Each structure stands twice: as structure tokens, then as C-alpha cells.
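Everything quoted here is computed from the prediction, not taken from an experiment. Any value given below was found using the heavy atoms of this structure, including those in side chains, with hydrogens, waters and symmetry copies removed. One-based numbering, in listed order, for ligands and for the atoms of each.
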Amino acid sequence: MRAGASFDFVIVGGGVAGLRAAIGLAPAGRVLVLTKAEPAESNTGYAQGGIAAAIGDDDSVRELIEWGARFDRAADGRPSLGREAAHSVRRVLHAGDATGREIGRVLWERVSALGAVETIDHALAAEIVVEDGRAAGVRYFDRGGAPQDVRAGATLLATGGAGQVFRDTTNPAVATGDGIALAFHAGARVADLEFVQFHPTALSRPGAPRFLISEALRGEGARLVNQSGEPFMTRYHPDGDLAPRDVVARSIVRESERTGGAVFLTLAHLDAAYVRGRFPTIAAMLKDLGLDLAVDRIPVGPAAHYMMGGVDTDVCGRTSIAGLFAAGEVACTGLHGANRLASNSLLEGLVFGARAAAAMQEPPRAAPMKEDRVMADGSGLMAEGTNGDHLPYAISHQPSAITNVRELMWRCAGLFRDRAGLEEAVAALDALADASHPATVDRARQRNLSTVARLIARAALRRTESRGGHYRLDYPARDDERWCVHVVETAL
Ligand SMILES: Cc1cc2nc3c(=O)[nH]c(=O)nc-3n(C[C@H](O)[C@H](O)[C@H](O)COP(=O)(O)OP(=O)(O)OC[C@H]3O[C@@H](n4cnc5c(N)ncnc54)[C@H](O)[C@@H]3O)c2cc1C
């Protein structure tokens, strides 16, 4: 790729949202897709449980099936539907326990066959190029670390989630929230960043990765038990093991504190052959660690999993900057409220990837602010915000800076939050704030991560109530009178 190359459309990200958008854009012009690691390395590729859909004739999921996606079927040939927490009915299409890999396979196959779409991997987008108030493309670092500019009539951020902002996460290394940072530094509105979903059941074993143990297991009857083997969830919520994710995550920590021991998932009461056949990926992963999914108790605990907030968009993926779009986990459409339901984000990526592709072919215009949004600075909602009298937190701009930010966020802005911890995080991250143009890949990575962390911590400090994924020990109740709003921030 030459410096200053030009395309009709540039898409940052090759997960479900970016790829679906590329398919929609290909008939309209030349499309460039950038991915910062290997092409298939994305949250999409790791999705396990499935994709929620009411399967109608014109449904996006039907489109995916027509393109060749192989979802599991029952003996009568109809799709076999799973159930996950807080869902009232079985609605989750799945391909074993590796649904995202199957969806990614189908989309990549289709995109690879499109002559209009070019992809570059190991290309780290670092800035949105803004000219005369309009997005004009992106600046990225190529595989060799050299800066490159690519110009485009419309630019789509499809960079996925931000789980890596926290020490413990189910997300792969690429999920550092870059699109949120890029949009914010370009002057776009970002919203709802206090709403981070912590998944209750990531594998919790010293030295092992925080591998997700899908909620679909509990949908099939798996139980959470304490160290004495006693099921405990009904003591915390009437829906028991299938209570909403935030409730289960906090209950696991509380049960662990109460008993002084670990919490486990058990499937030992279910048919072993069925368990191994229904969840082959998870079973194989655990087998490598010496655990038998069908027999052994699996130690689990919460980990950062999904970002409900993101770049503020309208229902077509337009952001507040003309020519800049966002779709998938990086976007905040408002669809997931304060607490996403399982299996709705692959679907969101498909739907909003397609919608953004359609809008990107229209004359560019900025999305107006929605009526249910309020600005963070002008709303009078900052009463509990920073008071500016903190000592600077000593985090150096060395490679360890990223580790320090992740530790800080886990400790101060994680599952249980309070004012003191959040003030500590905000002060530390304010000291790292950096609006300069990143000159190297390392600087770009650090700037992205600390920007997103800072935005999350500030938003969490500001919201003095508990709602969905955001839980304040010092404000444990929901406060609809003051806080039934989406709070928006912008650098401008
Ligand atoms: C373990 C796990 C299990 C899950 N299970 C489910 C499930 O069962 N059902 C469900 O609906 N959802 C599930 N989710 C959530 C879902 O997978 C994601 O929300 C969804 O896949 C996000 O898709 P996306 O296209 O927005 O982003 P991603 O799939 O994350 O893709 C992001 C892309 O952006 C690229 N990128 C990022 N930053 C840059 C940059 N600076 N420059 C260039 N490229 C960049 C990455 O390389 C990648 O290609 C799960 C998530 C995880 C982590």
C-alpha cells in the first residue's frame, strides 16, 4: 500500500460488523478493510454461545444461512435453538460452541471473492483524518511500523470491544477499544462508557487464560456451586443460574467471599456424551488443562466481556462527524441498554454493518444528538466528579504502562465500583492524557488504551447510581429520576 492511497470506502476492522459492511459496499465502489492483527483475530472469532434471532423470512440470519453458515439442527431439520441468561425463550442459533468462528468463516469467504474489496492485515489504525469537519480517511501504521494515510469518501469504525482495558477479560488481545479512542480524538461523541459487561463465568485457574465458559452451558442445565458443592444462585436471584449476567457475576464474588473458597460450574448431573458433543471447543480447551467438562467441577469467576457504550451513532451507524460511521461492538446505538442480553451482539454486527454500508453510499451528514442523550459537561451531572486535587499517579510511558492501566481498571473500575477507587483511576489516567499525534505504533497503542480507560473511569465516576453492568457500592440503587439518560462526552 502506497502512502496517500485512495478508496471509496475504508473499514477499520474485520469482525462481523466490518465484513458485513464490506459485502454491502462492494457493489458501490472500492473498499479497503484494515485489521490490526491476523484477519480472523477478532471477538467475532471467539463467540461461542450463538446468535439470537426470531427467524423470519427476511431476517439477516437467514441471509447468513443462505451464504452457507452451518448452524446446528434438530433431528427434524429445523434449527436447534439454545437459551441463555435473562432470555425468556429459546432463541439462540448456534454452531456447536464456536458460532463466531463459523460466521467469520462464511463472511471472510464471501469477502475474499469480491474483487472490489482489498484487505490489509497487521495495519493499526491510529487516527481519523478530519478535513473541514469531515472524515476523509484514516492514518495507520503498517506491518513494518511505517505510517500510511488512506483517503476515503466514507470511513467505518468496526473495531470491536474493549475488554483488554481490564486485567481479566474474555476478549482477545485485539480488543482494546481503539475505535472509541480514534473517534474521541477526532472530536466525535462517545456515550454510555460506564456500561461494561463482566461475564460471570470465565475460567478461573492460576496460570490459565481467562477462557470463556459460555452461558449456553447454564442454558442446558449447568449449575453454579460453591466449594461445598452447594448450588447457591437462588439465594441471590429468583432466576437462579440464569439470572442476568451482572447479578450472577456479583453473586459469584459474594459467595466466594462468604465461603472463603472458589465457585465452580458443574455439569456432572447431565448426560456426559451430550455435554461433550454439544460443547466440543470448551471441552477440548479444558481437556488440555486436565479438566473433564462433563465430570469435573470447573472453577469460574467474572471477567470483562462486552462494552455496551461506544461511539454514539444513529440507527444507520452515522456518528457526529460527517463521513465517519461506526458499527458493531465499538458503536453505541443504545440497542443493548445498560446490560446486553447474550447472543445479541453478533446479530447487531450483521444488522448495523449492513445498515452502515447503505448509509455510507449516501451524501455524508453528521448524526444529530438523540433526545435521550445529555452532555457530560453541561448537564449538571458532574456533582460527584473529579475535584482535581489528586497527586499525579506514577505510570510511565514504558511498555509496562499498558499493564498498569489494565491492573488499575480492574481494581478501581471493575465489577464493584466506588467513588474513592474511581477518583484514583481518573486521577491516574488524567495524568496520562495525551492529545498529540502518535508517532509510533507503541505510542498509538498506549494512547488508545489509556484514552478508553479514562473515558470509562470518568463515566463510571459521574454516574452516581447502579444500573445494568455499572455497579456502585456507594450508590447501590437505581435512580431513574436523575439517571435515566445516556451520557455523552466529546473532546471538543
Ligand atoms: C469469548 C467471547 C464469546 C462471545 N460469545 C458471543 C455469542 O455467543 N454471541 C454473541 O452475539 N456475541 C458474543 N460475543 C460478543 C461478540 O463476539 C462481539 O461483540 C462481536 O463479535 C463484535 O464484532 P465486531 O465486528 O464489532 O468486532 P470484532 O469481531 O471484535 O472485530 C474487530 C476488528 O477490528 C480490528 N481492529 C481493532 N482495532 C483496530 C485498529 N486500531 N486498526 C485496525 N484494525 C483494528 C480487529 O483486528 C478486528 O478485525 C462474545 C465475545 C467474546 C469475547
Checklist entry - Given that the side chain starts at C-beta and the backbone is N, CA, C, O, which of these parts of Asp178 lies under 4.0 Å from ligand 1, counting heavy atoms, or is it both or neither? => result side chain
Next on the checklist: Below 4.0 Å from ligand 1: does a non-hydrogen atom of Asn171 turn up there or not?
Outcome noted: yes
Checklist entry - Should Gly14 be counted as touching ligand 1, given the test is an N or O pair under 3.5 Å? => result yes
Item to check | Minimum heavy-atom distance between Leu270 and Ala222, given as atom pair plus value | outcome: CD1-N, 4.0 Å
Checklist entry - If hydrogens are left out, which of Lys36, Gln197, Arg20 has an atom nearest to atom 36 (N) of ligand 1, that is, the closest non-hydrogen atom? => result Lys36
Item to check | Tyr306: numbered ligand 1 atoms lying under 4.0 Å from its heavy atoms | outcome: 19 (O)
Item to check | Short N or O distance, Thr170 and ligand 1, threshold 3.5 Å exclusive | outcome: no
Item to check | ligand 1 contact on Arg340 by region, counting heavy-atom pairs under 4.0 Å | outcome: side chain
Checklist entry - Can you find an N/O atom of Asn43 closer than 3.5 Å to an N/O atom of ligand 1? => result yes
Checklist entry - Do any heavy atoms of Gly50 fall under 4.0 Å from ligand 1? => result yes
Next on the checklist: Taking a cutoff of less than 4.0 Å between a non-hydrogen atom of the residue and any ligand atom, is Ile51 in contact with ligand 1?
Outcome noted: no
Next on the checklist: In this structure, does ligand 1 have an atom that sits under 4.0 Å from one of the heavy atoms of Gly349?
Outcome noted: no
Checklist outcome for this item: A student comparing Ala175, Ser343, Gly163, Ala125 should find that the heavy atom closest to atom 42 (N) of ligand 1 comes from Ala125
Next on the checklist: Within the structure, is a non-hydrogen atom of His305 found at a distance of less than 4.0 Å from ligand 1?
Outcome noted: yes
Checklist entry - With a 4.0 Å heavy-atom cut-off (strictly under), which part of Tyr140 contacts ligand 1: side chain, backbone, both or neither? => result neither
Item to check | Spacing of CG belonging to Leu347 relative to CZ belonging to Phe352, to within rounding of 0.5 Å | outcome: 9.0 Å
Checklist entry - Centroid-to-centroid, Tyr306 to Phe198, below 6.0 Å? => result no
Item to check | ligand 1-proximal atoms of Ala123, by part, heavy-atom distance under 4.0 Å | outcome: backbone
Checklist entry - Does the side chain of Asp142 come within less than 4.5 Å of His122's, by heavy atoms? => result no
